Protein chains: 2
Amino acid sequence: MSESAKRPALADLIDLLGTKWVMRILWELRENALTFRALQAACGGLSPSVLNHRLKLLETSRLVERQQSGYGLTDQGQSLMEVQKPLAQWAQRWQRSLT
Amino acid sequence: MSESAKRPALADLIDLLGTKWVMRILWELRENALTFRALQAACGGLSPSVLNHRLKLLETSRLVERQQSGYGLTDQGQSLMEVQKPLAQWAQRWQRSLT
DNA sequence: TATGGTTGCTACTGAATTCGTAGCATAGAC
DNA sequence: GTCTATGCTACGAATTCAGTAGCAACCATA
């Protein structure tokens, strides 16, 4: 085996998206940037320390960046939400099936 | 507003997928069913109590079910992984961009 | 019958994470 | 100066997770 763990890129992404609040934050930013406090409120008032941690994580992952109007998705972040769009339709069918 | 919170189905799904280990478990079951212990090992040896909780959660969500050979994805679970496939390509571009 | 292996799962302790709230420092607007 | 909004830190309490031990049921084989 080589020195680098050769972990599939998808596995890393799954870990990232599987971290609590990460998907939610991306989702809340999908349309427009939000201030720290607005984002906090959108996420149901999660604690600022956790939000801060997640924002740092998302910044180093190049999915979120600081903008004039607060925090917003990078182009890459936008493209991820684009790829995730089919998920919305799937979610509706799924919810109906749970009745 | 109506009596039910009318929370978008996608929001519920995001909450579910944002729960620790949930995406990972679905990912590990993507190709074939695994026994409880094999699944535990595939997830890097997470504690059986957490795995048990997540499996119960995924069962009530109709994404995972018990099969002869252990735990496997339901048809619905399979279809979710199908929808998520474009994520794999996106992940590769993303990882390259992080260098 | 009994011996051994696998499996699904519970129990328990300590470590890590998150929640919930208070509050500070900075930066405009008035 | 005062007021408001903003980004963020601090800290104790509550929750969750990690890590390990072990049990009961189910085979298979002898």
Side-chain angles (χ1 to χ4, degrees), chain A residues 5 7 10-74 76-78, chain B residues 5 7 10-74 76-78:
Chain A
R7 194 129 173 287
L10 184 54
D12 285 340
L13 179 61
I14 283 176
D15 275 3
L16 178 61
L17 297 183
T19 302
K20 199 171 183 180
W21 294 113
V22 163
M23 287 192 80
R24 175 70 175 268
I25 289 169
L26 293 174
W27 172 250
E28 297 296 348
L29 295 178
R30 89 207 97 108
E31 293 198 318
N32 34 55
L34 293 174
T35 66
F36 187 94
R37 289 195 135 125
L39 183 52
Q40 186 186 6
C43 290
L46 88 164
S47 69
S49 46
V50 174
L51 178 55
N52 196 33
H53 280 146
R54 293 301 175 270
L55 286 173
K56 296 255 164 68
L57 178 61
L58 285 166
E59 280 178 334
T60 63
S61 302
R62 310 281 175 84
L63 297 179
V64 166
E65 65 189 353
R66 300 206 60 159
Q67 296 171 352
Q68 300 82 344
S69 38
Y71 289 91
L73 297 183
T74 62
Q76 209 160 28
Q78 286 288 357
Chain B
R7 191 127 175 290
L10 184 53
D12 285 341
L13 178 60
I14 282 176
D15 275 3
L16 177 61
L17 297 183
T19 303
K20 199 170 184 180
W21 292 114
V22 163
M23 287 193 80
R24 173 70 174 266
I25 289 169
L26 293 174
W27 171 251
E28 297 296 348
L29 295 178
R30 91 207 95 109
E31 292 199 318
N32 35 55
L34 294 174
T35 66
F36 187 94
R37 287 180 125 109
L39 183 52
Q40 186 185 7
C43 290
L46 88 165
S47 68
S49 45
V50 173
L51 178 55
N52 196 33
H53 280 145
R54 293 300 174 271
L55 287 173
K56 296 254 164 70
L57 178 61
L58 285 167
E59 278 178 335
T60 63
S61 303
R62 309 282 176 85
L63 297 179
V64 165
E65 65 189 353
R66 301 207 56 159
Q67 296 171 351
Q68 301 82 344
S69 39
Y71 290 92
L73 296 183
T74 62
Q76 211 160 27
Q78 286 288 357

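Naming convention: chains lettered A, B, ... in sequence-line order (proteins, then strands); numbering from 1 in each chain. Since the structure is predicted, the reported quantities are computational estimates derived from the model, not experimental observations.
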**Asked** Ignoring hydrogens and geometry, is there a side-chain-to-backbone donor-acceptor pair from A:Thr74 to A:Gln76 under 3.5 Å?
**Response** yes

**Complete:** By side-chain hydrogen bond (donor to acceptor under 3.5 Å, both in side chains), B:Glu65 pairs with (sequence neighbours left out) B:Gln67

**Fill in**
Here the residues of residues 26-45 of chain A within 4.0 Å heavy-atom distance, strictly under, of DNA chain C are A:Arg37

**Prompt:** Taking 5' to 3' order, which nucleotide of DNA chain C is first and which is last to have an atom within less than 4.0 Å of a heavy atom in chain A?
**Reply:** C:dT18 to C:dG23

**Fill in**
Hits for side-chain hydrogen bond (donor to acceptor under 3.5 Å, both in side chains) against B:Gln40, two or more places apart or cross-chain, chain-then-number order -> none

**Item:** Summary of salt bridge (charged side-chain N to carboxylate O under 4.0 Å, His left out) pairs that have at least one residue in residues 25-40 of chain B, sequence neighbours excluded
**Value:** B:Arg24-B:Glu28

**Prompt:** Could you give the CG-to-P distance, from B:Asn52 to D:dC23, as a whole number of Å?
**Reply:** 19 Å

Atom pairs, protein N/O to nucleotides 11-17 of chain D N/O, distance under 3.5 Å:
residue: D:dC17; atom: OP1; partner: B:Arg54; partner atom: NH2; Å: 2.6
residue: D:dC17; atom: OP2; partner: B:Arg54; partner atom: NH2; Å: 3.1

**Request:** Hey, could you give me the CG/CH2 distance between A:Leu13 and B:Trp27, rounded to the nearest 0.5 Å?
**Result:** 10.0 Å

**Prompt:** How long is the span from the CG atom in B:Leu58 to the CG atom in B:Leu16, to the nearest 0.5 Å?
**Reply:** 6.0 Å

**Item:** Gap between atom CG of A:Asp15 and atom CG of A:Leu10 - 0.5 Å precision
**Value:** 10.0 Å

For residues 44-55 of chain A, please give each side-chain donor-acceptor pair under 3.5 Å, one per line with the distance, not counting sequence neighbours.
residue: A:Ser47; atom: OG; partner: A:Ser49; partner atom: OG; Å: 3.4
residue: A:His53; atom: ND1; partner: A:Ser49; partner atom: O; Å: 3.4
residue: A:Arg54; atom: NE; partner: A:Lys20; partner atom: O; Å: 2.8

**Prompt:** Quick one, which residues of residues 58-68 of chain B touch DNA chain C with a heavy atom under 4.0 Å?
**Reply:** B:Arg66

**Distance, nearest 0.5 Å, that separates CG of B:Leu39 from CG of B:Leu29** = 5.0 Å

**Item:** Non-neighbouring partners of B:Ala38 that pass side chain to side chain contact (heavy atoms under 4.5 Å, CB included), sequence neighbours left out
**Value:** B:Leu34, B:Thr35

**Message:** With heavy-atom distances below 4.5 Å as the criterion, would you say the side chains of B:Leu17 and A:Leu17 are in contact?
**Reply:** no

**Residue list, side-chain hydrogen bond (donor to acceptor under 3.5 Å, both in side chains) with B:Glu59, at least two apart or on another chain** = none

**Prompt:** Rounded to whole angstrom units, what separation is found between the CG atom of B:Leu51 and the C1' atom of D:dA18?
**Reply:** 13 Å

**Fill in**
One should read off an interatomic distance between A:Trp21 CH2 and A:Leu57 CG, to the nearest 0.5 angstrom, of 15.0 Å

